[in-house]
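Whatever order the structure lists ligands and atoms in, that order sets their numbers, starting from 1. If you're wondering where the values come from, they're calculated on a predicted model, not measured in any experiment.
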Amino acid sequence: MIMRGGTTVFVLLLWWLLAAPPTSYCANVTYDHRALVIDGQRRVLISGSIHYPRSTPEMWPDLVQKSKDGGLDVIETYVFWNLHEPVRSQYDFEGRKDLVKFVKTVADAGLYVHLRIGPYACAEWNYGGFPVWLHFVPGIVFRTDNEPFKAEMKRFTAKIVDLMKGEKLYASQGGPIILSQIENEYGNYGIESAYGSAGKSYVNWAANMAVSLDTGVPWVMCQQADAPDPIINTCNGFYCDQFKPNSNQKPKMWTENWSGWFLSFGGAAPYRPVEDLAFSVARFFQLGGTLQNYYMYHGGTNFGRTTGGPFISTSYDYDAPLDEYGLIRQPKWGHLKDVHKAVKLCEAALVATDPTVSSLGPNLEAAVYKTGSTCAAFLANVGTQSDATVKFNGNSYRLPAWSVSILPDCKNVVLNTAKINSATMIPSFIHQSLNSNVDSSEAIGSDWSWINEPVGISLDSAFVKLGLLEQINTTADKSDYLWYSLRTNIKGNEPFLDGSQTVLHVESLGHALHVFINGKLAGSGKGNSGNAKVALEIPIALSAGKNTIDLLSLTVGLQNYGAFYDQTGAGITGPVKLKSAKSGTTVDLSSQQWTYQVGLQGEELGLSSGSSSQWVSQSTLPKNQPLTWYKTKFDAPAGNDPVAIDFTGMGKGEAWVNGQSIGRYWPVYVASNSGCTDSCNYRGSYSSSKCLKNCGKPSQTLYHVPRSWLQSSGNTLVLFEEIGGDPTKISFATRQIGSLCSHVSESHPSPVDTWDADSTSGMKAGPLLSLECPFPGQVISSIKFASFGTPHGTCGSFGHGQCSSSNALAVVQKACVGSKSCRVGVSINTFGDPCKGVTKSLAVEASCTKRHAQRIHL
Ligand code: GAL
């Protein structure tokens, strides 16, 4: 075709506009009743949260690429004030804190950013993201109409906005940021009202302050029904289909769809079945939503002392589509990817109009988006018990309970949320000894050196005070640890000399404590995520004359949620009493003169880097001794698989690799025995305690060590152990993919990528079982199981049913072995019919290995 010059230029310009990533031109972002409007186009946007400090800059490009591959358009992150301003006016944007680099990484992949500046974050993050120095600003009251607080909040918010503007990162400047959030869930369940009328004026102030910063893109407030115009109020929760923004001029947006839930030390591991998560997403788009965000899409790791709490674990895996280590979690990632494609097939119809919703029977609902020639429909069965057949536009559709079918042409089903076409992958951890260069377990001990942390007061900074002090006000969170030390004189005639009858009674606001009597550990206590307080009665043996009572109180992440949460104290506020059971005598020690020490000697000496001359390595390694620093050298496990350290055998403490804190470890905190289910019924409303696993097991044994923190050899591992453990039991675990499985029935829709908008039947392929090895260079090496008929079980435990075709294994082997990916038709055309009149399915378990280098024959 011959085009005139002007047309060529126009076509090229159009091509450039369409193909260029969103970073390359200034976008005008506004909104209306239906959607965010980017450069005049209403958009359906799929978003996912990735918090930059919960991974490393080396991981970011891969995480963002996997997000893009999973169908995301937007990455949402909080900004963590306490990371960036650890000391007032001293800013830090280096390494994992390099917010600009993170935003640019997202832009480089062509995705948008939603920047939740807060600066209150919640997020299971220490102190909700506020720096602890903020607490000491004279006259301050957080999150209310309080001048000192507002001045600090405005200063930091403006600092971040200026930083972004300076780098031209707002969409209005050609950057990727299309949205920003101010505050976080202030309107949630009684929080705002707890601050009285000042709560309302604070909301209005925060809104005006944000708008005055002139970012050129809209602001949101989540869970804030009274968010003033032009701020968009958005929804957070497990479901947001019933949510309505507070004005008809604002779009319905979902800033946190919880993809799972967070783990606490002492808790079982929550998981959210993907059928339910997919259902919640489809319901949201069915009923008028146009932007939804997974909280989290990648949860990652709470390195250092960044966990909130108290008692939030170091892992922040969240059962997210990308697991803690950054590997795709299947079938969650893949099924959601299919949901996103299905929703996007409806985009033109979705943004054009409001849905027309009608009932198709009890618990059965249709929503139709129709204008002119475009039509998309969602059919839902919100019942929890029975599958149903519905009539819609003259056709009949089978709807499993608690599912939504998506019909991009109002006729053909491209996806049903309860029917998973995506493969499942069972991850496995391969263990290997830390000191692989030494063979005997005794010899491993010789690779360790140690330093004892003194019991009680050892630093010059110690000070004396009458009475018991609250911990956070005393330590300013410089350390988890605060020593409360008392010397007491027991006279020969006092009743407390009878060892079997004397107890020390200690009450603490939390979070945990260790009691040392005359230098020996006498007992420990800990709170839990529901109640941080500790009350202990410990039998103790005192001797006549001078005795020392040393109480080591510790925090495990500062409170991050609730009205006035910053005022939740910690530490041994008492009473502390000596009790003699025999005589009934009680002596209250609370108001005596206590000596205090903030932090440990080892912290003061900087032992975490490993570089001190005091490390001892000659004699036998002390094991199961409280208050011990340990150090060893190790080589990184070969390969590129993500690495974790298994702390089984240790008690509680913190660990550093090459000077970088990998977080608090606490493998002896075991989850209760009850409340878990192996196969959680996804039908019905999800809650954070509905689906739990790992009951009766340690909440967390494996701790992520980012690959980029490791050299191939000569790495230093330092631990501080509080309670006592055996470091020679520590091992590595590398995260790998075990089996690859899929189970697809004849009633499944064809894979969503076979959809053909031009064909009248939508999809002709019929149901297909698809397998794909997750890593480059891998091929399917064997088929461990294949059955067409009525197979049962789950990945790793499939079994043949009564009906099974005899050629399934051979057919699947032929189609798959030796290939990176394969597709097999789930139909009697492929396998013959082993049982007429029965709905059949195909179940396959396969394994992938690296393709062997091929020999070239000359
Ligand atoms: C929300 C909060 C998030 C996070 C989440 C639970 O209420 O906005 O920051 O804490 O709960 O993971």
Parallel, tilted or perpendicular: rings of Trp258 and Trp261 (30°, 60°) =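 Trp261 vs Trp258 ring planes: perpendicular.
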
Proximity to ligand 1 by part of [X], non-hydrogen separation under 4.0 Å:
X: Asn560; value: neither
X: Gln223; value: neither
X: Cys222; value: neither

How about Asn184 and Arg116: does a side-chain donor come under 3.5 Å of a side-chain acceptor?
->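 Note: Asn184 and Arg116 side chains meet the donor-acceptor criterion.
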
Is there a donor-acceptor contact under 3.5 Å linking the side chains of Asp226 and Tyr186?
->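 There is no such pair between these side chains.
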
Crowded around Lys101 NZ? As in, over 12 foreign heavy atoms under 6.0 Å?
->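 Not more than 12 within 6.0 Å, no.
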
Heavy atoms only: which of Glu256, Met296, His51 is nearest to atom 2 (C) of ligand 1?
->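 Looking at heavy atoms only, Glu256 sits closest to atom 2 (C) of ligand 1.
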
Ligand 1 atoms in contact with [X] (distance to a heavy atom under 4.0 Å):
X: Tyr318; value: 6 (C), 12 (O)
X: Ala121; value: 9 (O)
X: Trp261; value: 6 (C)

Check whether NZ of the Lys or CZ of the Arg Arg735 lies under 6.0 Å from the centre of the six-membered ring of Tyr325 and within 45 degrees of that ring's axis.
->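 No.
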
Sequence neighbours excluded and cut-off under 3.5 Å, please list the side-chain donor-acceptor pairs for residues 278-287, or say none.
unit_1	atom_1	unit_2	atom_2	d
Ser280	OG	Asn257	ND2	3.2
Ser280	OG	Leu277	O	2.7
Arg283	NH1	Gln286	OE1	3.0
Arg283	NH1	Glu365	OE2	2.9
Gln286	NE2	Phe378	O	3.3

